[in-house]
Amino acid sequence: MIQERVPPGCGEVRHFHNHAEQFFFVLSGIATIEVDGTTLLLHPQQGIHVPAGTPHQLRNAHGENLIFTVTSTPPSHGDRVLVD
């Protein structure tokens, strides 16, 4: 599990993991997350499970820092595949 901070207007590239499933949990701010074509807003104390092999992209489209945790099982290092 890691904790991350995403400044306003920033985010990650769309990708998936071959082996790792992930759980994102928002601590503060609002996360805009696209999971397999569906876009959701996650507020503090809300989370989402992303199964392995599922394209996703998290970004901060709001005016304050986004702070969240992400738990990856197994660890996702070296398991990221970029999606166009």
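FYI, side chains are in, hydrogens and waters are out, and symmetry mates aren't considered; it's all heavy atoms of this structure.
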Output the rest of the hydrophobic cluster of [X]: all Ile, Leu, Val, Met, Phe, Trp and Tyr residues reachable through side-chain heavy-atom contacts under 4.5 Å, sorted by chain and number.
{"X": "Ile33", "value": "Ile2, Val6, Phe24, Val26, Val35, Leu40, Leu42, Ile48, Val50, Leu58, Leu66, Phe68, Val70"}
{"X": "Leu82", "value": "Val13"}
{"X": "Phe16", "value": "Val81, Val83"}
{"X": "Leu41", "value": "Ile30"}

Between OG1 on residue Thr71 and CZ on residue Phe25, distance to nearest 0.5 Å
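Between atom OG1 of Thr71 and atom CZ of Phe25 there are 10.0 Å.
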Residue pairs, two or more places apart or on separate chains, that pass salt bridge (charged side-chain N to carboxylate O under 4.0 Å, His left out) and touch residues 67-83
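As it turns out, the salt bridge (charged side-chain N to carboxylate O under 4.0 Å, His left out) pairs with a partner in residues 67-83, which skip direct neighbours, are Glu12-Arg80.
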Applying salt bridge (charged side-chain N to carboxylate O under 4.0 Å, His left out), which residue pairs with at least one partner in residues 44-53 are found, sequence neighbours left out?
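For residues 44-53, and leaving out neighbouring residues, there are no salt bridge (charged side-chain N to carboxylate O under 4.0 Å, His left out) pairs at all.
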Test of understanding: with ring pair (Phe, Tyr, Trp, His ring centres under 6.0 Å), list the residues that count as partners of His62, not counting sequence neighbours.
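His62: no ring pair (Phe, Tyr, Trp, His ring centres under 6.0 Å) contacts found.
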Applying side-chain contact (heavy atoms from CB on, under 4.5 Å), name anything that partners Pro75, two or more places apart in sequence or on another chain.
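Checked Pro75 against side-chain contact (heavy atoms from CB on, under 4.5 Å); matches are His77.
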By side-chain contact (heavy atoms from CB on, under 4.5 Å), which residues pair with Ala61, not counting sequence neighbours?
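Expected list: Thr32, Arg59.
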Side chain to side chain donor-acceptor pair (under 3.5 Å) with Glu64: which residues, sequence neighbours excluded?
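Side chain to side chain donor-acceptor pair (under 3.5 Å) check on Glu64 returns nothing, list empty.
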Keeping to residues at least two apart or across chains, list the side chain to side chain donor-acceptor pair (under 3.5 Å) pairs with something in residues 38-47.
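Qualifying pairs, neighbours excluded: none.
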For residues 14-23, which residue pairs pass the side chain to side chain donor-acceptor pair (under 3.5 Å) check, not counting sequence neighbours?
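Output for this query lists Arg14-Glu34, His15-His17, His15-His56, His17-Gln22, Glu21-His49, Gln22-His56, Gln22-Ser72.
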Heavy-atom closest contact (Ala20 atom, Pro74 atom, distance):
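Looking at all heavy atoms of both residues, the shortest contact is CB-O, 3.2 Å.
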If you define the side chain from C-beta out and look only at heavy atoms, does anything of Ser28 sit under 4.5 Å from Ile67?
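With C-beta onward as the side chain, the pair touches.
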Measure the shortest side-chain to side-chain distance between Asn65 and Pro8 over non-hydrogen atoms and say whether it is less than 4.5 angstrom.
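Answer yes - side chains close enough.
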